[in-house]
Amino acid sequence: MTNLSVPAHDLFELHNLPYGVYSVPGQTPRVATRYGDQVVDLAILLGDDTFAQPSLNAFMGQGHDRWVAVRAEITEALRGDVPEAAVHDLGEVTLHLPFEVADYVDFYASEHHASNLGRLFRPGNPDPLMPNWKHLPVGYHGRSASIVVSGADIVRPWGQRKGPRDPAPLFGPSARLDIEAELGFVVGTGNPMGKPIPVEEADRHIFGVVLFNDWSARDIQAWEYVPLGPNLGKSFASTISPWVVPLLALDAARVATPAQEPAVLPYLALAHPWGLDVSLEVEWNGEIVLRPPYAAMYWSPAQMLAHLTVNGAPTRTGDLFASGTISGPEKHQRGAFIELTWGGAEPVVVAGAERTFLQDGDEVVLRATAPGAGGTTVGFGEARGRIVDTKQED
Ligand code: MN
């Protein structure tokens with residue numbers, strides 16, 4: 001047995017306790033928590049086979065009361081003697097996709113991002129927001145199988161594009177490959193078909209939060225998206241962080257959403273609409289270039305989940321809905337390079353080199369922190385990806 005300790009002010013102290021899936025060589029993946037820079041096997045720590053599995057889904061499906069109970073059990077167990085076989089150094093393990101992604105929806109919840117993209121994609125329109133934007137959280141259904149864990153290489157997508165001066169569509173590798181810095185919300189328990197999740201109950205269905213980089217091919221997107229929305233410009237890959245931060249760890253991070261005017265319809269109305277005070281950073285080739293503030297998001301996670309199910313659509317354990325690009329009012333708070341460089345018209349210098357969109361070999365890392373219980377800080381780990389080229393004709 002061993003006694004674990006973590007330095008004061010660590011981002012992964014007892015106030016955090018995220019869930020992930022790890023393996024060591026020769027062993028199948030299992031569920032763990034992160035405590036400081038240690039990975040603690042939960043099946044061994046708690047003597048519970050729910051965690052001797054390669055995904056969080058079984059545990060998440062047990063529901064909110066069980067999530068509360070297990071969090072208390074882990075806290076208690078880590079304060080006592082811990083079996084040495086349960087403990088691994090973070091650097092010695094492989095981290096895997098932490099849950100089986102069921103269905104995946106991406107929203108568009110930042111007013112600043114939606115306004116900037118409206119100006120870029122529909123120049124000349126007096127109102128950059130579409131007429132529906134303040135009445136419902138706009139979203140589209142994405143491709144679950146394209147969600148990968150931090151560290152996976154991102155293959156530059158090929159597709160059709162047609163710029164304003166191209167006489168005909170071209171086919172080839174995307175020349176405007178971008179990121180979208182987002183948060184992803186993991187549904188722990190869903191709803192049966194025909195029984196929507198009331199907005200005030202959404203937080204009992206949301207298990208936790210991951211970092212989410214929605215890699216986006218802007219040239220493919222701009223040509224294909226009318227009139228049905230994003231498709232191949234988005235569906236090639238999205239990167240999530242390996243640790244799911246429990247919503248239960250983010251009580252101290254809840255903040256009021258910006259005032260919603262005009263008033264929303266009753267099914268979207270919360271007595272106290274809550275967002276999350278999560279501060280993100282975007283690192284591009286080793287240099288932090290953007291700091292998007294989640295607290296500025298117009299639509300709350302509860303409103304997104306209520307809207308997603310209001311037509312009777314079922315959700316399942318492992319469903320993932322992402323927030324949409326997180327952009328604040330300032331230029332350095334934008335969450336996508338198309339906004340930072342204004343459609344590529346205003347290049348930026350990154351790590352000594354001029355950039356508009358992503359080049360092969362570029363690496364992007366998302367990180368984030370949020371206020372935790374008792375003045376602590378909750379870390380989210382990182383979502384890292386590097387762009388690689390493949391010659392599609394090979
Ligand atoms: Mn997105």
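Both counts, for ligands and for their atoms, begin at 1 and track the order of listing. Worth knowing before you read on, the calculation uses all heavy atoms, side chains too, and leaves out hydrogens, waters and symmetry mates. The residues of the chain are indexed from 1 along the displayed sequence.
- Listed by chain and number, the protein N, O or S atoms at a distance under 2.8 Å from the Mn ion (ligand 1) are Asp106 OD2, Glu180 OE1, Glu182 OE2, Asp214 OD2.
- Checking Asp41 against Tyr22 by side-chain atom types alone, a donor-acceptor pair falls below 3.5 Å.
- Judged purely by distance below 3.5 Å, without hydrogens or angles, the side chains of Thr309 and Asn191 never pair a donor atom with an acceptor atom.
- A salt bridge links Arg218 and Asp178; the closest N-O separation between the charged side-chain nitrogens and carboxylate oxygens is under 4.0 Å.
- Trp223 belongs to no hydrophobic cluster with other residues, because no ILVMFWY side-chain heavy atom falls under 4.5 Å from its own, directly or through intermediates.
- At distances below 3.5 Å, at least one donor-acceptor pair connects side-chain atoms of Arg122 with backbone N or O atoms of Pro128.
- Judged purely by distance below 3.5 Å, without hydrogens or angles, the side chains of Ser327 and Glu339 pair a donor atom with an acceptor atom.
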